[in-house]
Amino acid sequence: MDYSQMCPKYETAIDLLGKKWTGLIIRVLLDGPKRFKDIKAQIPDMSDRILTERMKELEQQNIIVRNVFPEKPVRIEYVLSEKGLALRPVIESIQSWGERWT
């Protein structure tokens with residue numbers, strides 16, 4: 001097979017999902033809406049800076065939605081969009097593969 005002609009959409013998807021921490025963030029959000037501190041608590045080895053970067057990237061890709069609730073103090077929650085939720089079988093397949101082979 002000539003991989004120089006590989007589908008650019010596949011490459012884009014792998015580039016996004018293959019970034020360190022991205023899969024874990026999506027996995028955490030598959031359990032429902034979370035605040036920044038809740039995501040950070042579930043992935044403690046990730047720095048705040050990297051979490052912020054990944055969240056912005058995922059928001060720009062329309063994988064997550066940032067909801068701002070005008071309370072005092074302001075509450076911000078992150079939730080997977082329809083596009084993000086469509087990753088559930090992908091994430092679950094990777095989890096199953098990892099449990100069997102790693």
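The structure presented is a predicted model; accordingly, all values stated were derived computationally and were not measured.
- Counting heavy atoms of neighbouring residues, nucleotides and ligands inside a 6.0 Å radius, atom OH of Tyr10 does not exceed 12 of them.
- Evaluation of the side-chain hydrogen bond (donor to acceptor under 3.5 Å, both in side chains) rule for Gln61 yields no partner, not counting sequence neighbours.
- Clustering ILVMFWY residues whenever any of their side-chain heavy atoms sit less than 4.5 angstrom apart, transitively, puts Val65 in a cluster other than the one holding Leu87.
- The neighbour count for Lys83 NZ, taken as heavy atoms of other residues, nucleotides or ligands under 6.0 Å away, is above 12.
- Under the 4.5 Å side-chain heavy-atom criterion for ILVMFWY residues, a single connected hydrophobic cluster contains both Leu24 and Ile39.
- Looking at residues two or more places apart in sequence or on another chain, you find no salt bridge (Lys or Arg N to Asp or Glu O under 4.0 Å) involving Glu59.
- The number of heavy atoms from other shown groups lying within 6.0 Å of CD (Glu82) does not exceed 12.
- Counting only residues at least two apart or on different chains, the side-chain hydrogen bond (donor to acceptor under 3.5 Å, both in side chains) pairs with a member in residues 93-102 are Gln95-Glu99.
- In the hydrophobic clustering of ILVMFWY residues, with side-chain heavy atoms under 4.5 Å counting as a link, Ile43 and Ile94 come out together.
- Two residues are said to be in side-chain contact when any heavy atoms from C-beta on lie closer than 4.5 Å; Leu51 and Phe36 meet this criterion.
- Residues Ile64 and Val68 share a hydrophobic cluster, clusters being chains of Ile/Leu/Val/Met/Phe/Trp/Tyr side chains in contact below 4.5 Å.
- Using a 4.5 Å heavy-atom cutoff, the side chains of Leu80 and Ile63 are in contact.
- Between Ile26 and Leu58 the shortest side-chain heavy-atom distance falls below 4.5 Å.
- Pairs passing the side-chain hydrogen bond (donor to acceptor under 3.5 Å, both in side chains) check and including a residue from residues 32-52, sequence neighbours excluded, read Arg49-Glu53.
- Under the 4.5 Å side-chain heavy-atom criterion for Ile, Leu, Val, Met, Phe, Trp and Tyr, Val79 and Leu85 are members of distinct hydrophobic clusters.
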Residues 14-23 side chain polar contacts: donor-acceptor under 3.5 Å, at least two apart:
unit_1, atom_1, unit_2, atom_2, d
Lys19, NZ, Glu57, OE1, 3.3
Lys19, NZ, Glu57, OE2, 3.1

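- Among residues two or more places apart in sequence or in another chain, the salt bridge (Lys or Arg N to Asp or Glu O under 4.0 Å) test is passed with Arg88 by Glu92.
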